[in-house]
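The shown structure was predicted, so the numbers you read here are calculated from the model rather than taken from an experiment.
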Amino acid sequence: MGTPAKRGLVLFAHGARAASWAVPFERLRGQAEARLPDAEVALAFLELMTPSLPDAVAAMAARGILDVTVVPVFLGQGGHLLRDLPALAEGLRTAHAGLRLQVAGPIGEDPGVQKAMTDYCVSAFGAAP
């Protein structure tokens, strides 16, 4: 068995009632996992799906992973990222002594992601009848 992961990456999404909604996020997690063989990659949800962010980070901490980066898989900074995520992050830092928790900006605000979305939109427009 290999050595345990030293760092963790949590892809943090909103969640939905329909299980099919999570499929692209699961694919994203799998692709990130393939590119980060020395890290543990998890998917966590704000609501309606499990695991929650506190549960995902607690599971990592229980395995000795105390260097965790959370990437919000949201298009922009709405109320959830402005209010809910900072409160969750503060609670996690309090609950897990020694936890080094970094929170990235929302994935949709990254220029590279915006370019990829624009390319897709322009391509879809070009493919229209």
Side-chain angles (χ1 to χ4, degrees):
M1 192 158 168
T3 59
K6 301 285 187 229
R7 296 177 62 206
L9 171 63
V10 180
L11 306 177
F12 180 59
H14 187 276
R17 285 182 179 81
S20 61
W21 175 89
V23 170
F25 299 96
E26 291 165 356
R27 248 189 327 261
L28 182 62
R29 179 193 58 207
Q31 291 170 6
E33 215 167 35
R35 293 181 57 185
L36 298 167
D38 295 332
E40 182 172 324
V41 180
L43 187 54
F45 303 96
L46 177 66
E47 57 189 20
L48 304 172
M49 297 182 123
T50 58
S52 66
L53 182 60
D55 288 348
V57 173
M60 287 182 175
R63 288 188 290 282
I65 300 169
L66 293 174
D67 186 351
V68 177
T69 299
V70 175
V71 175
V73 190
F74 286 69
L75 288 181
Q77 293 242 24
H80 290 312
L81 295 188
L82 293 172
R83 289 184 301 276
D84 299 335
L85 184 53
L88 287 168
E90 188 57 35
L92 288 167
R93 289 181 184 108
T94 300
H96 303 285
L99 177 67
R100 180 175 178 264
L101 183 73
Q102 298 179 73
V103 178
I107 197 169
E109 291 185 2
D110 177 82
V113 173
Q114 288 182 352
K115 181 187 180 312
M117 290 189 300
T118 302
D119 290 348
Y120 174 81
C121 293
V122 169
S123 175
F125 178 73

### Query
Which heavy atom of I65 sits nearest a heavy atom of E40, and at what distance?
CD1-OE1, 3.1 Å
Can you give each donor-acceptor pair under 3.5 Å made by side-chain atoms of residues 81-99, sequence neighbours left out, with the distance rounded to 0.1 Å?
| unit_1 | atom_1 | unit_2 | atom_2 | d |
| --- | --- | --- | --- | --- |
| D84 | OD2 | H80 | ND1 | 2.5 |
| R93 | NH2 | L101 | O | 2.8 |
| T94 | OG1 | E90 | O | 3.0 |

### Task
Determine, stepwise, if the pair H14 / F74 fulfils side-chain contact (heavy atoms from CB on, under 4.5 Å).
CA-CA 7 Å; H14 187 276; F74 286 69; 4.0 Å; yes
### Message
Using 0.5 Å steps for rounding, measure from the CG atom of L9 to the CG atom of L36.
### Response
6.5 Å
### Query
Can you name the closest pair of heavy atoms from G15 and M49 and give their distance?
CA-SD, 3.9 Å
## Note on the structure
Heavy-atom closest pair (P106 atom, Q77 atom, distance to 0.1 Å) is CG-CG, 3.6 Å
### Message
Starting from V113, can I reach L43 by hopping between I/L/V/M/F/W/Y residues whose side chains sit under 4.5 Å apart?
### Response
yes
#### Entry: Residue that, paired with V71, satisfies side chain to side chain contact (heavy atoms under 4.5 Å, CB included) out of L11, V41, V103
L11
### Query
Any donor-acceptor pair under 3.5 Å linking the side chain of T118 with the backbone of Q114?
yes
### Query
Do V10 and V73 belong to the same hydrophobic cluster, where Ile, Leu, Val, Met, Phe, Trp and Tyr are linked whenever their side-chain heavy atoms lie under 4.5 Å apart, directly or via other members?
no
#### Entry: Considering all heavy atoms, the nearest V70-F12 contact
CG1-CB, 3.7 Å
## Note on the structure
Tightest non-hydrogen contact, residues A104 and P72, listed as O-CD, 3.2 Å
### Query
Out of curiosity, R7 CZ to D38 CG, how far, rounded to the nearest 0.5 Å?
10.0 Å
### Task
Hey, could you give me each pair passing salt bridge (charged side-chain N to carboxylate O under 4.0 Å, His left out) that has a residue in residues 98-113? Not counting sequence neighbours.
D67-R100
### Task
Give the intermediate values and the outcome of side-chain contact (heavy atoms from CB on, under 4.5 Å) for residues F45 and W21.
CA-CA 12 Å; F45 303 96; W21 175 89; 3.7 Å; yes
### Query
When you look at Q102 and V68, which way does the side-chain contact (heavy atoms from CB on, under 4.5 Å) test go after all the steps?
CA-CA 6 Å; Q102 298 179 73; V68 177; over 6 Å; no
### Message
Between R27 and V23 (side chain of the first, backbone of the second, donor and acceptor by atom type, cut-off under 3.5 Å), is there such a pair?
### Response
no
